[in-house]
Amino acid sequence: MVPSCVGWRVALLFSVCCQGCFAEPSTAVLIQTARGTSDRLTKKDPLRFGENFQSNISLQIDRSAHFQEMLGFGGAFTESSSYVWSNMNEESRQKVLDLYFSEEGLQYSFARIPIGSCDFSLSSHSYDDVKGDVNLKHFSIEQDEKWKIPFIKAAMATRANWTDTAIKFLGSPWSAPAWMKSNDDMSCTLGCLVCSLQNQFQAAYARYISLFVSMFDKAGIPIWGVTVQNEPGACPLVYEGMHFTPETERDFVKNHLGPVLFRDHPHLALLVYDHNKDHVVKWAQTIYSDKDASKYVWGMAVHWYSGDQFDNLNTTHYVDKSKPILATEATVQREKDPKQPTWSHGEHYAHDMIGDFNNWVVGFIDWNLMLDMFGGPDHAGPNECEGIIKCGSDAMILADNTTDQIYPQTFYYYMGHFSKFIYPGSIRVGVMTNDENLESTAFVRPDNTTVVVVMNSHDDPVTYKLLDGVSARALNVTILAHAIQTVMYQNN
């Protein structure tokens, strides 16, 4: 079921969705966030369609050109995020849930769950730290029951208040238990070469990942999919990691993980790679070309930390067009003054999402749902630092646990221009522009509404024609400098 609302009321921290938006079929809804104004996902005056007209700058929507189907948007339930949330008062906890998961909020429909600990955990741990326990008799998710699972269940309940379409949960491991690895360490202190899964424990580790799915299912959190390994080429020195090459991950999927997950959870989606776009083509070619491995793989997971590299996504799509691409992590350097958030962070997110979606990506999952005022806590380093020492991270919501105040950051609002209006099941359609200052992407939703997202990250406003190529109707639109707009209209 898609959201019933296509109109607006004011609630929470910004204008939000309600009924009665398209009073006339000849009008379009305009939502705007703009620097130097109070506009934050704000409904502006409706736009009125007219006949096509001459314009120096134009955006043309081609609803006859269909591309990928969208799955959704979300963030990650890290232990750090869950700990910060748990230490807020009840009112602030509910406000966070509403900002992300309610009909009035971002309408998140996707979420990532670290399998065991990661850098944004309070300590380093696995689900079975008993050395040599190949039968996994001591496997336990008790640590997650402290903070992560209560946060997840509260999010599920918030979303269930307005839709019967459940959150899709994606599990991602940072490391196998230390005793399964060549270096007997959850991190990669000695580098990549010895930070790998030992051959003798590959079967046990496949069962370990399967048991995570089973235990979360038992806890009432159905897992939609898992990735094989978070950032298999990163080999971090001070937090959890494990090294795979394209070939070793292919073989682990083919000989162990794929068969076990297919046996135990036949409807589970298995995603490979889960790292930056710079090497995604090589990984796709290596794994997809092996039919005995590829048959277990749903698609490819990517991160953004190596830069745009949107052409690599397009190339990856054509390696195997049946395999979707999902963006599974993104973040930026921590915000030193959460009360005065950096505007460019929002533009960075929107630029990446537009480029990703225009190159076959089917959804976008942010990193930590929330952090404290220092971009933590995390166990990988100090939580408060300045100068050349980098630590902590930004999040769309930062919280002060001493005052119970929360601070949505700029990229929270930029994300909303996508996640609130591009429903799961929407189909990307064609969009063309003759102005390099405008970045845009377009979709047709299941309710037959066209949604166009347009960003101007430059210093001057731009007036442009938005032409629906099928109906030949046109809108005259002005976008302010450093602004993002979502334009929505019903199709004839």
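Just so it is clear, the structure is predicted and the values come from calculations on it, not from any experiment.
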Could you tell me if [Y] and [X] have a donor-acceptor pair between their side chains, going purely by distance under 3.5 Å?
X    : Y    : value
S393 : Q333 : no
Q107 : Y100 : no
D404 : N89  : yes
S80  : D378 : no
H379 : E240 : yes
N230 : H275 : no
T441 : N358 : yes
S187 : D185 : yes
Y349 : D366 : yes
K181 : S196 : no

Is the backbone of [Y] close enough, under 3.5 Å, to the side chain of [X] for a donor and an acceptor to pair up by distance?
X    : Y    : result
R445 : P424 : no
Q202 : F252 : no
S289 : Q285 : yes
S175 : M186 : yes
T450 : M488 : no
H66  : R63  : yes
T78  : S81  : yes
Q68  : V361 : yes
H138 : V130 : no
D129 : S126 : yes

Point to revise | Geometric cation-pi criterion, R428 with F443: 6.0 Å, 45° | key: no
List the atom of [X], the atom of [Y], and the distance in Å for their closest heavy-atom pair.
X    : Y    : answer
L41  : G416 : CD2-C, 3.7 Å
P377 : Y83  : CG-CD2, 4.0 Å
S102 : G105 : OG-N, 3.0 Å
N314 : N359 : CB-OD1, 3.5 Å
W174 : S117 : CB-O, 3.6 Å
S210 : D264 : OG-OD2, 2.7 Å

Practice item. Walk me through it: do V134 and W179 pass the test side chain to side chain contact (heavy atoms under 4.5 Å, CB included)? Key: CA-CA 10 Å; V134 294; W179 54 270; 4.2 Å; yes
Point to revise | Steps toward side-chain hydrogen bond (donor to acceptor under 3.5 Å, both in side chains) verdict (D447, T449) | key: CA-CA 6 Å; D447 64 2; T449 297; 3.1 Å; yes
Salt bridge flag under 4.0 Å for residues [X] and [Y]:
X    : Y    : result
D274 : R112 : yes
D356 : K277 : yes
D394 : K336 : no

Point to revise | ring pair (Phe, Tyr, Trp, His ring centres under 6.0 Å) contacts touching residues 277-296 (sequence neighbours left out) | key: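 As it turns out, the ring pair (Phe, Tyr, Trp, His ring centres under 6.0 Å) pairs with a partner in residues 277-296, which skip direct neighbours, are Y273-W283.
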Review point. About how many Å separate CH2 of W367 and CG of D119, when rounded to the nearest 0.5 Å?
Key: 5.5 Å
Review point. Rounded to the nearest 0.5 Å, how far apart are CE of M455 and OG1 of T33?
Key: 12.0 Å
**Study point:** Within 6.0 Å of CZ in F216, more than 12 heavy atoms from elsewhere
**Key:** yes
Check your understanding: Is the number of heavy atoms from other residues, nucleotides or ligands within 6.0 Å of CD (Q200) greater than 12?
Key -> yes
Review point. Should T342 and E335 be marked as a side-chain hydrogen bond (donor to acceptor under 3.5 Å, both in side chains) after you check the CA-CA gap, both sets of side-chain angles, and the distance that decides it?
Key: CA-CA 7 Å; T342 303; E335 187 62 69; 3.0 Å; yes
Exercise for review: Could you walk me through whether M180 and Q198 pass side chain to side chain contact (heavy atoms under 4.5 Å, CB included), step by step?
Suggested key: CA-CA 6 Å; M180 292 187 184; Q198 295 187 65; 5.9 Å; no
Tell me whether the rings of [X] and [Y] are parallel (<30°), tilted (30 to 60°) or perpendicular (>60°).
X    : Y    : result
W298 : W224 : perpendicular
F418 : F73  : tilted
F77  : F101 : parallel
Y127 : F212 : parallel

Exercise for review: Take D217 and S214 through the side-chain hydrogen bond (donor to acceptor under 3.5 Å, both in side chains) test and state the conclusion after the steps.
Suggested key: CA-CA 5 Å; D217 282 349; S214 298; 5.8 Å; no
Check your understanding: With a 6.0 Å cut-off on ring centres, are F67 and W360 close enough?
Key ->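 Distance test on ring centres: under 6.0 Å, yes.
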Review point. Which of these, Y414, F310, W304, sits in a ring pair (Phe, Tyr, Trp, His ring centres under 6.0 Å) with H351?
Key: F310
Exercise for review: Evaluate the criterion disulfide (SG to SG under 2.5 Å) for residue pair C235 and C188; output intermediate values, then yes/no.
Suggested key: CA-CA 5 Å; C235 304; C188 298; 4.7 Å; no
Practice item. Please test L371 against F120 for side chain to side chain contact (heavy atoms under 4.5 Å, CB included), starting from the C-alpha separation and ending with a verdict. Key: CA-CA 9 Å; L371 293 170; F120 282 88; 3.8 Å; yes
**Study point:** Test applied, side chain to side chain contact (heavy atoms under 4.5 Å, CB included); reference residue, T158; option that passes from D98, I167, V96
**Key:** D98
Check your understanding: Who pairs with D251 by salt bridge (Lys or Arg N to Asp or Glu O under 4.0 Å), at least two apart in sequence or on another chain?
Key -> K254
Practice item. For H345 and H348, run side chain to side chain contact (heavy atoms under 4.5 Å, CB included): C-alpha distance rounded to whole Å, both residues' side-chain angles, the deciding distance at 0.1 Å, then the answer. Key: CA-CA 5 Å; H345 288 176; H348 185 180; 5.5 Å; no
**Study point:** H265: partners by ring pair (Phe, Tyr, Trp, His ring centres under 6.0 Å), with sequence neighbours left out
**Key:** none
Review point. Do I406 and M88 come close enough that some side-chain heavy atom pair is under 4.5 Å?
Key: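 Result yes, sub-4.5 Å side-chain heavy-atom pair found.
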